[in-house]
S.K.: 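I'd like to ask you about the structure that follows.
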There are 2 protein chains.
Amino acid sequence: MSIQKKEDATYELIISTAKNLFFKEGKFNATTQEIADAAGVNRTLINYYFRSRDALFDLIFEEGKKEDERRQEMIVLSDLPIREKLEMFIDYFLSQAKMYPYREVYMLTQIIKDDCCIYDKKEHVKRMSEKFYVELEQEMEKGTIQKMKPIQFMLNFISMLIFPVIMRPFLQNNFELDDKEYDKLLAGRREVILKTIFRNREESNLDSL
Amino acid sequence: MSIQKKEDATYELIISTAKNLFFKEGKFNATTQEIADAAGVNRTLINYYFRSRDALFDLIFEEGKKEDERRQEMIVLSDLPIREKLEMFIDYFLSQAKMYPYREVYMLTQIIKDDCCIYDKKEHVKRMSEKFYVELEQEMEKGTIQKMKPIQFMLNFISMLIFPVIMRPFLQNNFELDDKEYDKLLAGRREVILKTIFRNREESNLDSL
DNA sequence: TTTATGTTTGACAAAATTGTCAAATGCAAA
DNA sequence: TTTGCATTTGACAATTTTGTCAAACATAAA
């Protein structure tokens, strides 16, 4: 079934080319011909290595899901204080977003298209998520963060982080900003988000961001 | 050029059917045949009324842009205190989102596809936006809201409002919630967002949301 | 060199999709 | 009723896109 005698450089080339088209250029509906051209290979090699166009799309989507899981595990499995967990997550996400600005939108459109996306979290991740929620509630008791359902807190957090990235084309036009200005805006997100979410720190002025 | 002798019920029917497919069902790549079938009309009527498939898509996109502009004007042109402006916007958006859950994603994918989207704001809206930003800064001086660049504040606000709506398929799976639970979550957003953004009010407990 | 196996190619067929057009239909005014 | 015009339809052509297949190619082992 699987073809892997030689180094399957072509196989990997096709995948990474497709990923670039999807995640970097936003060509969510690229044809096999377009992908092949971009990779500089014959179109039918896509059928040879992946059976069908759909199979290639699915493969990339599944890889994306695994990356999502890794992210989630990163935030709940690490043994750091809440704030540092979140900081780590922000930094990681923003750096990834620089590389693959359309990644999240692609994942979303795929989910919408198939109308199915079962993330089967591993048991230990579920357990750690519960623990993470308890930690959050402790912070709320301390007054470090505003009291609310932990899931609402998480929604706030990822919304403020991810939305400005995935809606960039929309927002940049709407706010009438050029590329450089928007990059600066994104760079400022880290501090803004932390400032918005945590309350006990000194009220430093964020005007310069 | 334009065809409008009789009541153009068909014309409107096609548009609203297409909007439903796009905004309600997330069928962003519906074919002319699918749209015609959903509307119960002959496929070629789409060509008759809109020249081409693209023209129909563009028309709906442009209508969406106008709606976006209306929203923006609503928030800056009304003569209400900041907090009430934002409350009004939240309520309006959430009710619209219930009707057209995929609207924002559709708009985004169209922008990405065409890689162009010039929102030409009217002059008086621009002026009022500046005024709105000044009002925000006054609130920050008062301490009602956290100090940051007004545009970062607006990013925070619309992120926390819109993201949970547009990423619903993704988040619902990820958090493992059923439809009812997620609806409840969304219903709680209003108070959570206000709580997160405004600081001076009594620290009421949001556990029940 | 020959052989065997995995890889690549171009030609072809099949399917899907869009747009055009002439003819048919329906309806209101003359 | 007949005429004229907008609307609707089905047939057709053109294009795009995908997938298959046999043949060609490359390379390492026999």
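In what follows, every chain begins at residue 1, and chains take the letters A, B, ... in the order their sequences are listed.
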S.K.: Starting from P on C:dC27, measure out to CG on B:Asp8 and report it in whole angstrom.
M.R.: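 B:Asp8 atom CG is separated from C:dC27 atom P by 17 Å.
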
S.K.: Restricting to non-hydrogen atoms, name the atom on B:Asn47 and the atom on B:Ser52 that form the minimum distance, rounded to 0.1 Å.
M.R.: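 Minimum heavy-atom separation between B:Asn47 and B:Ser52: ND2-CA, 4.1 Å.
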
S.K.: Should the pair B:Arg53 and B:Phe57 be classed as cation-pi, given the thresholds of under 6.0 Å to the six-membered ring centre and 45° from the axis?
M.R.: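 Cation-pi check for B:Arg53 and B:Phe57: passes.
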
S.K.: In whole Å, what is the span from the CG atom of B:Asp37 to the P atom of C:dT17?
M.R.: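 Distance check: B:Asp37 CG to C:dT17 P gives 11 Å.
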
S.K.: Can you tell me how far the CE atom of A:Met167 sits from the CZ atom of B:Phe163, to the nearest 0.5 Å?
M.R.: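 One gets 10.5 Å once the value is rounded to the nearest 0.5 Å.
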
S.K.: Return the value, rounded to whole Å, for the distance between atom CG of B:Leu45 and atom P of C:dT25.
M.R.: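 So the two atoms are 16 Å apart, to the nearest Å.
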
S.K.: Once you round it to whole Å, what is the distance between C1' of C:dT18 and CZ of B:Phe57?
M.R.: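 Nearest whole value for this atom pair: 12 Å.
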
S.K.: Check this for me: does any side-chain nitrogen of one of B:Arg103 and B:Asp68 sit under 4.0 Å from a carboxylate oxygen of the other?
M.R.: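 Answer for the salt bridge query: yes.
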
S.K.: Please state how far atom CG in A:Asn42 lies from atom P in C:dG10, giving the value in whole angstrom units.
M.R.: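 Those two atoms, CG and P, are 6 Å apart.
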
S.K.: Is the shortest distance from a Lys or Arg side-chain nitrogen in A:Lys65 or A:Glu69 to a carboxylate oxygen in the other one below 4.0 Å?
M.R.: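 A salt bridge is absent here (no side-chain N lies under 4.0 Å from a carboxylate O).
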
S.K.: Under 4.0 Å from any atom of DNA chain C, heavy atoms only: list the residues of residues 14-22 of chain B that qualify, in numerical order.
M.R.: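 Those residues: none at all.
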
S.K.: How does protein reach along nucleotides 12-23 of chain D, written 5' to 3' as B (base within reach of a heavy atom under 4.0 Å), S (only sugar-phosphate), or - (no contact)?
M.R.: -----SBBB---

S.K.: Does this structure show an ion pair linking B:Arg71 with B:Glu104, if we count only N-O contacts that are shorter than 4.0 Å?
M.R.: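 Yes, charged N to carboxylate O under 4.0 Å.
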
S.K.: Tell me: OH of B:Tyr48 to P of C:dA24, nearest whole Å?
M.R.: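 My rounded result for the distance is 18 Å.
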
S.K.: Is A:Tyr49 close enough to C:dT8 that one of its side-chain N or O atoms is under 4.0 Å from OP1 or OP2 there?
M.R.: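 For C:dT8, OP1 or OP2 has a side-chain N or O of A:Tyr49 closer than 4.0 Å.
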
S.K.: Check this for me: A:Asp79, atom CG, are more than 12 non-hydrogen atoms of other residues, nucleotides or ligands nearer than 6.0 Å?
M.R.: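 For A:Asp79, atom CG is not crowded (no more than 12 foreign heavy atoms under 6.0 Å).
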
S.K.: Less than 4.0 Å between a side-chain N and a carboxylate O, is that true for A:Glu135 and A:Lys131?
M.R.: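 Here A:Lys131 pairs with A:Glu135 in a salt bridge, since their nearest N and O are under 4.0 Å apart.
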
